[in-house]
*Asks:* 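Encoded as structure tokens, here's the structure I'll be asking about.
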2 protein chains.
Amino acid sequence: MSREFRRAMPLLPISMVMQLTELTARQIRYYEEHKLIEPARSEGNRRMFSLDDVDALLEIRELLDQGINMAGIKKVFDMRKNNNVKSSNKLSISDAELRAILREEMQQAQIMQKASLRQGDLSRFFQVKGE
Amino acid sequence: MSREFRRAMPLLPISMVMQLTELTARQIRYYEEHKLIEPARSEGNRRMFSLDDVDALLEIRELLDQGINMAGIKKVFDMRKNNNVKSSNKLSISDAELRAILREEMQQAQIMQKASLRQGDLSRFFQVKGE
DNA sequence: TTCATATGTTATTTTTTCTAACATAGTATT
DNA sequence: AATACTATGTTAGAAAAAATAACATATGAA
């Protein structure tokens with residue numbers, strides 16, 4: 001519950017999302033225009049993205065690679081959403097599920113790592129801090 | 001390892017950190033000036049903060065509340081750093097530790113939730129999405 | 001060919017962030 | 001009390017990031 005909250009929290013500016021996803025601002029805005037994502041807005045009207053948004057964008061990229069168009073991707077997303085609604089009738093999580101969640105988390109972390117390596121760009125943001 | 005990576009990844013602009021920590025930009029920059037945090041910089045010289053930075057800032061706030069000054073906080077942080085170096089000689093994590101990590105994660109999530117509730121401000125970023 | 005889709009490019013405006021300087025309330029020191 | 005220091009506020013001006021909107025275009029479908 002709190003984990004989902006955090007993943008849904010809109011924290012990232014578009015510049016970061018561009019780097020994490022290797023998409024241009026134009027592309028990201030275009031996908032929003034087509035309702036594939038709906039990033040939040042700051043007071044000053046800046047788009048603020050969540051990790052969920054980043055996930056979605058990464059998937060959009062893949063699906064586009066597979067030749068699927070906006071409408072198709074929208075369909076895919078909608079189907080998944082329905083699925084989640086149906087299967088989210090569990091109130092507490094078991095011990096085993098705990099592990100599953102952790103596994104999923106690590107996967108997510110991997111995705112980000114990959115993103116940064118793929119473009120070899122994020123490294124610029126890591127300064128060498130003394131000790 | 002990948003979890004740590006993600007928590008150390010500088011993704012957030014100062015505006016978001018201000019909201020998460022309830023600190024002013026002036027305060028955040030001042031703490032940086034005193035080396036309590038060392039946020040990364042974007043190409044355009046923007047400060048980019050990691051979740052670790054947010055953690056640190058939340059703690060700085062607490063310590064200041066307790067009447068501790070910059071030098072004192074620096075000391076506290078340095079001590080902890082040394083401790084971590086000494087105790088980080090484990091290469092793989094046990095089953096039990098897995099739980100500990102998860103617990104810590106949830107705590108972190110809670111902090112963020114608290115931050116948003118305390119200021120009742122982040123809610124503005126959550127749009128009501130259909131469904 | 002003509003049309004539609006996904007994306008590039010450019011111009012203009014607004015918002016955000018930066019640095020730097022000066023101001024000040026509260027503490028501590030002399 | 002007078003002075004100095006600390007943490008923070010405030011302001012100004014410059015630079016960077018991001019928004020919208022319009023027009024351009026390559027590719028593939030009809």
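Just so it is clear: chains get the letters A, B, ... in the order the sequence lines come, proteins before strands, and each one is counted from 1. The structure presented is a predicted model; accordingly, all values stated were derived computationally and were not measured.
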*Asks:* Which nucleotides of nucleotides 18-30 of chain D have their base under 4.0 Å from a protein heavy atom (B), which only their sugar-phosphate (S), and which neither (-), written as one string 5' to 3'?
*Replies:* BSB----------
*Asks:* Could you tell me how far apart B:Q19 (CD) and C:dT17 (P) are, to the nearest whole angstrom?
*Replies:*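 In whole Å, C:dT17 P lies 10 Å from B:Q19 CD.
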*Asks:* Do any side-chain nitrogens or oxygens of A:S42 fall under 4.0 Å of OP1 or OP2 in C:dT16?
*Replies:*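 Yes, A:S42 has a side-chain N/O under 4.0 Å of OP1/OP2 on C:dT16.
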*Asks:* Please collect all ring-ring contact (aromatic ring centres under 6.0 Å, His included) contacts where either partner lies in residues 33-69 of chain A, sequence neighbours excluded, each pair once.
*Replies:*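 Matches after skipping sequence neighbours: A:Y30-A:H34.
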*Asks:* Donor-acceptor pairs are to be reported for all side-chain atoms of residues 66-80 of chain A against protein atoms at under 3.5 Å, with residues two or more places apart or in another chain.
*Replies:*
from  : atom 1 : to    : atom 2 : distance (Å)
A:N69 : OD1    : A:A71 : N      : 3.4
A:N69 : OD1    : A:G72 : N      : 2.9
A:R80 : NH1    : A:E59 : OE1    : 2.9
A:R80 : NH1    : A:E59 : OE2    : 3.3
A:R80 : NH2    : A:E59 : OE2    : 2.9

*Asks:* To the nearest Å, how far apart are B:E43 CD and C:dT17 P?
*Replies:*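 That distance rounds to 17 Å.
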*Asks:* Using whole Å, report how far CG of B:L64 lies from C1' of D:dA7.
*Replies:*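 Atom-to-atom, B:L64 to D:dA7, this comes out as 8 Å.
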*Asks:* Tell me every residue that passes side-chain contact (heavy atoms from CB on, under 4.5 Å) with A:S15, counting only those two or more places apart in sequence or in another chain.
*Replies:*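 side-chain contact (heavy atoms from CB on, under 4.5 Å) list for A:S15, sorted by chain: A:P13.
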*Asks:* How many Å lie between CG on B:L23 and P on D:dA7, as a whole number?
*Replies:*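 For the pair B:L23 CG and D:dA7 P, the rounded distance is 14 Å.
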*Asks:* Whole angstrom is fine here: how far is it from CG in B:N69 over to P in C:dT27?
*Replies:*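 Rounded to the whole Å, the gap is 14 Å.
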*Asks:* Calculate the interatomic distance between A:Q27 atom CD and C:dT9 atom P; express it in whole Å.
*Replies:*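 For the pair A:Q27 CD and C:dT9 P, the rounded distance is 11 Å.
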*Asks:* Hey, is the main chain of B:T21 close enough, under 3.5 Å, to the side chain of B:R61 for a donor-acceptor pair?
*Replies:*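 At least one qualifying donor-acceptor pair exists.
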*Asks:* Among residues at least two apart in sequence or on other chains, which ones pass side chain to side chain donor-acceptor pair (under 3.5 Å) with A:E62?
*Replies:*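 None.
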*Asks:* Going by salt bridge (Lys or Arg N to Asp or Glu O under 4.0 Å), name the pairs with one or both residues in residues 23-34 of chain A, residues two or more places apart or in two chains.
*Replies:*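 Listed once each, the pairs are A:E32-A:R41, A:E32-A:R47.
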*Asks:* Over how many whole Å does the gap from A:I60 atom CD1 to C:dT7 atom P extend?
*Replies:*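 My rounded result for the distance is 10 Å.
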*Asks:* Send over the distance from B:Y30 OH to C:dT19 P, rounded to a whole Å.
*Replies:*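 The distance from OH of B:Y30 to P of C:dT19 comes to 16 Å, rounded to the nearest Å.
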